[in-house]
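Dropping a structure here in structure tokens format, bear with me for questions.
When a ligand or atom number is given, it counts from 1 through the structure's own listing order. This one's a predicted model, so the numbers in the text were calculated from it and none came from an experiment.
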Amino acid sequence: MAVAIVTGASRGLGRVLALALAERGWEVVVDGRGAEALAEAMDGRPRIHAVPGDVTDPWHRTALVTTAFDLGGLDLLVNNAGVLGGRGLAQVAEQGLDELRLAFEVNVLAPLGLVQEALPLLRASGGAVLNITSDAAVEAYPEWGGYGATKAALEAWSGSLAAEEPGLPVWWVDPGEMNTAMYRAADPGAAAQSPLPEESAVPGLLALLDDRRPSGRYTAAGLAVEEEAAR
Ligand SMILES: NC(=O)c1ccc[n+]([C@@H]2O[C@H](COP(=O)([O-])OP(=O)(O)OC[C@H]3O[C@@H](n4cnc5c(N)ncnc54)[C@H](OP(=O)(O)O)[C@@H]3O)[C@@H](O)[C@H]2O)c1
């Protein structure tokens, strides 16, 4: 029985990825800060284990890993929960430092803390780490500099972790633009033109798991195209 943790599953990409894994028979430990929203999003589906809380809280991170342990171990950690930072996007000249500090807490330090907490279980199972990043980590867009900096930092430690832990795949994946609450808050027009995460990102992420690709940076779109070509 395979066990996964998926953070930020009360909506958007985390929700549909968690449900897809449960559908495939995984036991899936999920979180999100709002207990009601999380319960509603998971809709009483089997094999879903909701542990509401904030990933920046170390006690909550311990609760996530303990729940996985009680289910038999941990085979996959998906660091998906993320925020744009405070009120949203800002030019570098006007970037609120407190807002950016909070975004670093959620997007960089919390996933790192969760990896540290989960590593003993992942090493024991030969499990994998999947960190959700963004093209803003590697491309320069006006007003995306603060958020992009958090994702660049996430990518930096993901690469080091991959080098330090040759026994476990560490993947950092750009899911592509998706019509989710996060993107709608940043750019409603562009979000409306973007696909839903279940259409665009989830197939590539599932292919990554199925193929157990080597550690590295991937795009969900590229993975889906390669999967299609291999059929
Ligand atoms: N949408 C895009 O176009 C896009 C593009 C590139 C990368 N991404 C990345 O993809 C991932 C998913 O984004 P999304 O678009 O699905 O965002 P979303 O719809 O805003 O969902 C974010 C999820 O994270 C949870 N979350 C936020 N802060 C949290 C915290 N401190 N503790 C626990 N859970 C927290 C939210 O629940 P609560 O608010 O209830 O806590 C929610 O379930 C993020 O890492 C994002 O940076 C998105």
Side-chain angles (χ1 to χ4, degrees), residues 5-20 28-42 48 50-64 77-89 99-114 129-139 141 144 146-155 158 171-202 204-205 217-222:
I5 294 174
V6 180
T7 64
S10 59
R11 58 175 185 267
L13 174 59
R15 174 178 170 274
V16 288
L17 179 60
L19 293 178
V28 191
V29 181
V30 294
D31 82 352
R33 287 164 299 180
E36 265 182 47
L38 184 61
E40 209 169 295
M42 294 296 105
I48 294 279
V51 183
D54 189 325
V55 285
T56 66
D57 173 359
W59 293 100
H60 171 62
R61 295 196 295 266
T62 301
L64 290 171
L77 169 60
V78 184
N79 280 308
N80 165 77
V83 293
L84 289 173
R87 290 183 304 265
L89 303 178
E99 292 175 350
L100 186 53
R101 203 169 281 121
L102 177 63
F104 268 93
E105 284 287 344
V106 178
N107 297 354
V108 183
L109 299 179
L112 178 56
L114 196 47
V129 176
L130 169 54
N131 288 333
I132 302 298
T133 180
S134 165
D135 66 336
V138 293
E139 299 284 343
Y141 302 112
W144 288 85
Y147 169 82
T150 68
K151 293 297 191 180
L154 176 73
E155 295 203 5
S158 299
W171 305 304
W172 49 112
V173 179
D174 167 13
E177 292 175 358
M178 304 173 289
N179 186 353
T180 64
M182 175 185 279
Y183 199 28
R184 285 194 292 275
D187 190 338
Q193 304 295 318
S194 300
L196 294 169
E198 54 268 48
E199 296 162 356
S200 59
V202 171
L205 296 177
R217 187 181 199 278
Y218 296 89
T219 67

**Message:** Just to confirm my output: which protein heavy-atom neighbour is closest to atom 29 (C) of ligand 1, and how far is it?
**Reply:**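 Its nearest protein heavy-atom neighbour is R33 NE, 3.5 Å.
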
**Asked** Which of these passes side-chain contact (heavy atoms from CB on, under 4.5 Å) with E177: P195, S194, S200?
**Response**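 One option only clears the test, and that one is S194.
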
**Asked** For ligand 1, which atoms, with element, lie under 4.0 Å from some heavy atom of A181?
**Response**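 Ligand 1 atoms under the 4.0 Å threshold to A181: 19 (O).
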
**Request:** Report, in ascending order of atom number, the atoms of ligand 1 lying under 4.0 Å from any heavy atom of E177.
**Result:**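 The list of qualifying atoms is 3 (O).
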
**Residue, atom name and distance, where the atom is the protein heavy atom closest to atom 43 (O) of ligand 1** = S10 OG, 2.7 Å

**Message:** Quick check on contacts: which atoms of ligand 1 are under 4.0 angstrom from a heavy atom of V83?
**Reply:**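 Per the distance check, 27 (C), 28 (N).
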
**Asked** To the nearest 0.1 Å, how far is atom 33 (C) of ligand 1 from its closest protein heavy atom, and which atom is that?
**Response**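 Nearest neighbour among protein heavy atoms for atom 33 (C) of ligand 1, to 0.1 Å: G53 O, 3.4 Å.
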
**Complete:** atom 35 (C) of ligand 1 sits nearest the protein heavy atom A81 CB, 3.7 Å

**Message:** Please report whether ligand 1 has a polar contact with G32, defined as an N or O pair separated by less than 3.5 Å (distance criterion only).
**Reply:**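 No, no N or O pair falls under 3.5 Å.
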
**Ligand-residue contact atoms, ligand 1 with Y183, heavy atoms, under 4.0 Å** = 1 (N), 3 (O)

**Item:** Closest candidate by heavy atom, reference atom 7 (C) of ligand 1, pool I132, D174, N179, T133
**Value:** T133

**Atoms of ligand 1, numbered as shown, that sit under 4.0 Å from any heavy atom of G34** = 40 (O)

**Prompt:** Nearest protein heavy atom to atom 1 (N) of ligand 1, by residue and atom, and its distance?
**Reply:**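 Protein heavy atom with the smallest distance to atom 1 (N) of ligand 1: T180 OG1, 2.9 Å.
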
**Request:** Starting from atom 36 (C) of ligand 1, locate the nearest protein heavy atom and write down its residue, its atom name and how far away it is, to 0.1 Å.
**Result:** R11 NH2, 3.7 Å

**Prompt:** Does even one non-hydrogen atom of R15 get within less than 4.0 Å of ligand 1?
**Reply:**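 Judged by the 4.0 Å heavy-atom criterion, R15 does not count as contacting ligand 1.
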
**Item:** Distance, nearest 0.5 Å, that separates CG of D135 from CG of D174
**Value:** 5.0 Å

**Asked** Looking at ligand 1, does any of its N/O atoms fall within less than 3.5 Å of an N/O of V55?
**Response**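 Yes: some nitrogen or oxygen of V55 is under 3.5 Å from one in ligand 1.
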
**Asked** CG of L154 to CZ of F104: how many Å apart, nearest 0.5 Å?
**Response**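 Output value for this atom pair is 10.5 Å.
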
**Request:** Using a strict cut-off of 4.0 Å, indicate which atoms of ligand 1 neighbour a heavy atom of A9.
**Result:** 43 (O)

**Request:** Heavy-atom distances under 4.0 Å are what count here, so tell me which part of P175 touches ligand 1: side chain, backbone, both or neither.
**Result:** side chain

**Donor-acceptor pair, side chain of D31 and main chain of P52, under 3.5 angstrom** = no

**Request:** Identify the protein heavy atom lying closest to atom 44 (C) of ligand 1, giving its residue, its atom name and the separation to 0.1 Å.
**Result:** N80 O, 3.1 Å

**Asked** Strictly under 4.0 Å, does any heavy atom of G176 approach an atom of ligand 1?
**Response** yes

**From CG (L130) to CG (L205), nearest 0.5 Å** =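 Rounded to the nearest 0.5 Å, the CG-CG separation comes out at 5.5 Å.
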
**Request:** Return yes if a side-chain donor-acceptor contact under 3.5 Å exists between N107 and Y147, otherwise no.
**Result:**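 Their side chains do not contain a donor-acceptor pair, so the 3.5 Å distance test is not met.
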
**Message:** Once rounded to the nearest 0.5 Å, what's the spacing between atom CG of L102 and atom CG of L84?
**Reply:** 11.5 Å

**Request:** Look up atom CG in N80 and atom CD1 in I132, then write down how far apart they are to the nearest 0.5 Å.
**Result:** 5.5 Å

**Message:** Using the rule side-chain contact (heavy atoms from CB on, under 4.5 Å), only one of V78, L19, I48 pairs with V28; which is it?
**Reply:**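 The option that passes is I48.
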
**Request:** Compute the shortest N/O to N/O distance between G14 and ligand 1 and return yes if it is under 3.5 Å, no if not.
**Result:**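 So ligand 1 has no N or O lying under 3.5 Å from an N or O of G14.
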
**Message:** With heavy-atom distances below 4.0 Å as the criterion, list the atoms of ligand 1 near S134.
**Reply:** 6 (C), 7 (C)

**Message:** Is it the case that ligand 1 has an N or O less than 3.5 angstrom from some N or O of D54?
**Reply:** yes

**Proximal atoms of ligand 1 relative to L13 (non-hydrogen, under 4.0 Å)** =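 Listed by number with element, the hits are 16 (O).
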
**Request:** Hey, could you give me the CG/CD distance between D57 and E105, rounded to the nearest 0.5 Å?
**Result:** 11.0 Å

**Prompt:** Can you find an N/O atom of Y147 closer than 3.5 Å to an N/O atom of ligand 1?
**Reply:**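 Y147 vs ligand 1: N/O contact under 3.5 Å present.
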
**Prompt:** Is a side-chain donor or acceptor of S10 paired with a backbone partner of A37 at a separation under 3.5 angstrom?
**Reply:**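 Checked: no pair found.
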
**Protein contact to atom 24 (O) of ligand 1 [nearest heavy atom, distance to 0.1 Å]** =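 Nearest protein contact, heavy atoms only, for atom 24 (O) of ligand 1 is G8 CA, 3.3 Å.
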
**Message:** So, using side-chain hydrogen bond (donor to acceptor under 3.5 Å, both in side chains) as the criterion, who are the partners of R217 when residues are at least two apart?
**Reply:** E155

